[in-house]
Every structure is written in structure tokens, then in C-alpha cells.
A.B. asks: 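Got a structure here, written out as C-alpha cells. Questions coming.
Order of the sequence lines fixes the chain letters, A, B, ..., with proteins taken first and strands second; residue numbering starts at 1 for each chain.
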2 protein chains.
Amino acid sequence: MSATREAVTNQDGAARRPGRRAANAEPYTLASLVEVAAHAFLERGYDATSMEDLSRAAGITKSSFYHHVSGKEALLRGALDRALDGLFGVLGEPDALEGPPVPRLRHIVRRQVEVLATELPYVTLLLRLRGNTETERWALGRRREFDQAVAALVREATEAGATHPGVDPVIAARLLSGTVNSLIEWYRPERVAVADLVDAVERQVFEGLLGGLRPSR
Amino acid sequence: MSATREAVTNQDGAARRPGRRAANAEPYTLASLVEVAAHAFLERGYDATSMEDLSRAAGITKSSFYHHVSGKEALLRGALDRALDGLFGVLGEPDALEGPPVPRLRHIVRRQVEVLATELPYVTLLLRLRGNTETERWALGRRREFDQAVAALVREATEAGATHPGVDPVIAARLLSGTVNSLIEWYRPERVAVADLVDAVERQVFEGLLGGLRPSR
DNA sequence: GTCTATACCCGGATAGAC
DNA sequence: GTCTATCCGGGTATAGAC
């Protein structure tokens, strides 16, 4: 892909110059490089991001970069781990485990939105996987587990008669996940407060655009 | 990306053997090759799909493939054109242009779902663009036009007092688009009828999971 | 730990024979 | 129109000096 490449910048927003590092610089940890990589992947896509891009964003040469990281896929793996930890953490919370299905579902949706917003680049990567490598397929499998847990709860809610009659729980669960996950396409923390987003998504998912109002107009 | 590559198959589901083509074979048109390419892009992603993959899927060598197509980007462009034509066609339909905002919105949502379902690989490509090349940025611009037309209609509906009070039209429009577009992640025509999908999406978007029912349970 | 230099491979695209 | 052979750029990754 012969793209127009803007200069990649590091976390300080300034492209570091190659050369010897400052004496007080903190060492490169896997986590910090994963953070740099996730942002780059988010901008251009995983395949379109080269190790050259990443090393420049980190402020060192490609070779030095390899001194700290075993390869591109390890960076992806690190980022996906972080996203999955966040999501599965939500499923383990008490409010997600106890009580009638709809309040549990509300809690999960709200917390899932929070995780998406705070772990945006990591979750974005997870949601864009195609399954081309073993690492990607592993992550897709875990993600499917998460979706199935939510889908089971939607089914429980419909069987308890808590949803609109005529709702197909399988399709509804897909649309629910889709609505929440679609946040990654547009949400930017600096433009909309997380709390507002959480409320808006909850209302949209459970009450729809029209709420309890009668149709038309 | 060092992926496990399954054999790529053409439209007949069988990988053609290289060699001279059958005398009765129809000629390769741009449209037919775009179709082959779109399916491959859909499976693996644009960047991860090589011209070698594509030519093999078409049943000819890479060089022969280039005899018919100017390059990889032309294939992408052809696919994106098809998706955008479908979407903008919806905006031009009479029911999308006349009447109160909510019925117009309902019509657009329903027809948009139909276009997504019938042009699935093409729309999928459109929705996965990152903007790395000029072609991609052009398509993203046109897509933004479409979204803005829908967003304007959502705003009109809220100003007419037709939506649930408290709905932010900007966020609601994003969630609406996100819900509809998320179909590409899971919808497969052979598993769910288009008509059922259309109804389910309309209900989910406008009435939500809970419909006119009171909360809880 | 960082650099320069380079091995190695793969992908897009072209040349030219048949 | 299809093939074989090849160019060339750029990507991942490594060797070895400092």
C-alpha cells in the first residue's frame, strides 16, 4: 500500500531523534511499546504498519526496537491481551453475575462501554481481527466466548418475557454487540464524556430511538 | 503476515488449474474480477490479500491477471463504487425524500439493511477502510456524506419531538449507523432471511430491546 | 542498548515469448 | 490471452561493531 505517510509521533506528540537516549529516560518495557504499537495499528491498520513505523514512533531504530520486542505479532498479542482482560473483567463483576437478566445486561452494557472507551485502541484492534494468524484466531475465539455469554443473557431475558414480544434473541444479541462495538468507529474521549456515552448507549439499546412513545411523525 | 493460507477458490467453488482456458469460457470482465477480489478481501483483508491470491482465485497466473486489471487499487475502487452506488441509491428513493422524518428514517434504515445484505462484500470493504491511500480517502468522504444525510434526518426527528426526550441526535445518529453497519460482522444471507433481518433491525433501532414495556425483570 | 549494514523474502508490477 | 522469468521496492528480522 503506497500511502501518504505522516510522521509518526510518540506519546509526547514529538518524533524523537535517533541517537543516544537521555540518561533519565525510563527503559522500554513491553507494555510501553505495546501502547505505541496499538496507537499506530489503530491509525493505519495492522498490516499497513511496518516495524520501521513503530520503531520511529518509539524513537529508536528498527534494530534497537527488535532488541526489546520479539516481533510484530508479539505486539499484537500484548494489545489483544489487554483488551480481553478488560472485557472478561466485566463479566466477573458481582452485578453481572447476580439478579434478574435485564439489570445484569444493563450493567454489562454500561461497563462494556466504559472498557471500550478507556481501552479504545486495544479493543479496536481486537474487533478488527480477520483471523489470518494463529494469534488472531486465538483472540477471536476468546472474543466469541464473551459474545456468547452476553447472548445467553439476552436469551434469558426474552424467555422471562422481559423483552418486546417478537424479539429474536439471537439477532437481538448480535445487534446489541454490534451497537456497543460500533463505538470504536467514532468515539473519541476528548469529544464526548464517557458518562454521557454510557447513558446514551444504554437508552438506545434498551429503549430505542423512540422510547416508550407511539410510532410515526 | 505469515498466515495459514487455505486454497482460494473461485465462484464455482473449485480452484481452476492453470493452462489454456476452456473455449466456451466467458471473458474476464472488470466486474467479474472485482467480484472475485471483493470476496478475497473480505476473507483476509485488503492488505493481506496478494495479487497472487487473486489471480489464483480467478484461475489464471498473476501476469495474465494483470492483462485484465490495471492493479490492486483498481479492484478496490471498483468494489467501493458498487457499495456507494447502492447506498446513495437509497437516499434518492421517493420514500426517503418525502414525508415526516421518522417514516423517512424507517425507510432508509430498512433499505440500507437490504443493500448491506445484498452487496455484503462490497459494503464490508467500504466500512473497513482506514484511509491509507487516495482512493480510500475518497471513498471515506463519500461514506461520510451518506452518514451526514442520515444524521440530518435524526436531528430533524428530535427537533420535531418525535424521539424519546433526552436523546442526543448526534450520538443517536452514530449509534444508528453503527447498529446497521455492524451487520457486516455476522450476517450471512444463507442463515437469516433478509426480510427477517430488516424487521429485526428496524425494531431494535426504533423500539429498543424492551419496546414499549416498563423496565426491569 | 543502540547503531549501521545486510540477508532474505515476498508482493506488485512488467517484459517478451508463444 | 496466457505463460515464464524477472525487476524492484519494501518488509521482517539478524549480525556484529561500538
Side-chain angles (χ1 to χ4, degrees), chain A residues 1-5 8 10 15-30 32-33 36-37 40-41 44-78 132-136, chain B residues 1-5 8 10 15-30 32-34 36-37 40-41 43-78 132-136:
Chain A
M1 180 161 295
S2 59
T4 306
R5 313 232 117 168
V8 180
N10 64 13
R16 293 186 197 166
R17 297 249 112 254
R20 205 185 242 78
R21 311 189 56 219
N24 61 348
E26 70 289 14
Y28 294 111
T29 64
L30 179 62
S32 75
L33 293 179
V36 168
F41 293 157
R44 300 203 223 288
Y46 177 76
D47 286 313
T49 304
S50 71
M51 291 298 269
E52 176 73 35
D53 292 333
L54 296 178
S55 61
R56 202 163 37 223
I60 51 182
T61 62
K62 209 165 42 157
S63 311
S64 304
F65 196 78
Y66 271 104
H67 181 78
H68 300 281
V69 174
S70 67
K72 197 175 172 182
E73 194 150 2
L75 292 167
L76 179 62
R77 169 86 192 219
N132 287 335
T133 64
E134 201 45 62
T135 299
E136 295 188 23
Chain B
M1 177 161 296
S2 59
T4 305
R5 314 232 118 167
V8 180
N10 64 15
R16 294 187 196 162
R17 296 252 114 253
R20 206 186 242 78
R21 309 190 58 220
N24 61 347
E26 69 287 18
Y28 293 111
T29 64
L30 178 62
S32 75
L33 294 178
V34 164
V36 168
F41 293 157
E43 253 181 58
R44 301 204 225 289
Y46 177 76
D47 285 312
T49 305
S50 70
M51 290 299 269
E52 176 75 34
D53 292 334
L54 297 179
S55 62
R56 203 166 31 226
I60 50 183
T61 61
K62 201 165 52 151
S63 313
S64 303
F65 196 78
Y66 271 103
H67 181 77
H68 300 282
V69 175
S70 68
K72 196 175 175 182
E73 194 150 1
L75 292 167
L76 179 62
R77 168 86 191 221
N132 286 336
T133 65
E134 202 45 60
T135 299
E136 294 188 23

A.B. asks: How many Å lie between NZ on A:Lys62 and C1' on D:dA15, as a whole number?
C.D. replies: 14 Å

A.B. asks: Looking at B:His67, I'd like to know whether one of its side-chain N or O atoms comes within less than 4.0 Å of OP1 or OP2 on C:dT14.
C.D. replies: no

A.B. asks: Report the distance from atom OH of B:Tyr66 to atom C1' of D:dC7, rounded to the nearest whole Å.
C.D. replies: 13 Å

A.B. asks: Is the distance from OP1 or OP2 of C:dC3 to the nearest side-chain N or O of A:Thr61 less than 4.0 Å?
C.D. replies: yes

A.B. asks: What is the distance from CZ of A:Arg44 to C1' of D:dG11, rounded to the nearest Å?
C.D. replies: 14 Å

A.B. asks: To the nearest 0.5 Å, how far apart are OG1 in B:Thr49 and NZ in B:Lys72?
C.D. replies: 6.0 Å

A.B. asks: Without decimals, in angstroms, what is the distance between A:His68 NE2 and D:dA13 C1'?
C.D. replies: 15 Å

A.B. asks: Is a side-chain N or O of A:Ser55 found less than 3.5 angstrom from the main chain of A:Met51, in a donor-acceptor match?
C.D. replies: yes

A.B. asks: Could B:Arg56 and B:Glu52 be called an ion pair, given the rule that one side-chain N must be under 4.0 Å from one carboxylate O?
C.D. replies: yes

A.B. asks: How many Å lie between OH on A:Tyr46 and P on D:dT12, as a whole number?
C.D. replies: 8 Å

A.B. asks: Starting at atom CD of B:Glu52, determine the distance to atom P of C:dG12, rounded to an integer number of angstrom.
C.D. replies: 9 Å

A.B. asks: Counting heavy atoms from C-beta on, name the nucleotide in C:dA5, C:dT2, C:dA13 closest to the side chain of A:Ser63.
C.D. replies: C:dA5

A.B. asks: Determine yes or no for a side-chain-to-main-chain donor-acceptor pair under 3.5 angstrom, with A:Tyr28 supplying the side chain and A:Ala58 the backbone.
C.D. replies: yes

A.B. asks: Please report, rounded to the nearest Å, how far the P atom of D:dC8 is from the CE atom of B:Met51.
C.D. replies: 20 Å

A.B. asks: Please report the distance, rounded to the nearest Å, between NZ in B:Lys72 and C1' in C:dT14.
C.D. replies: 18 Å

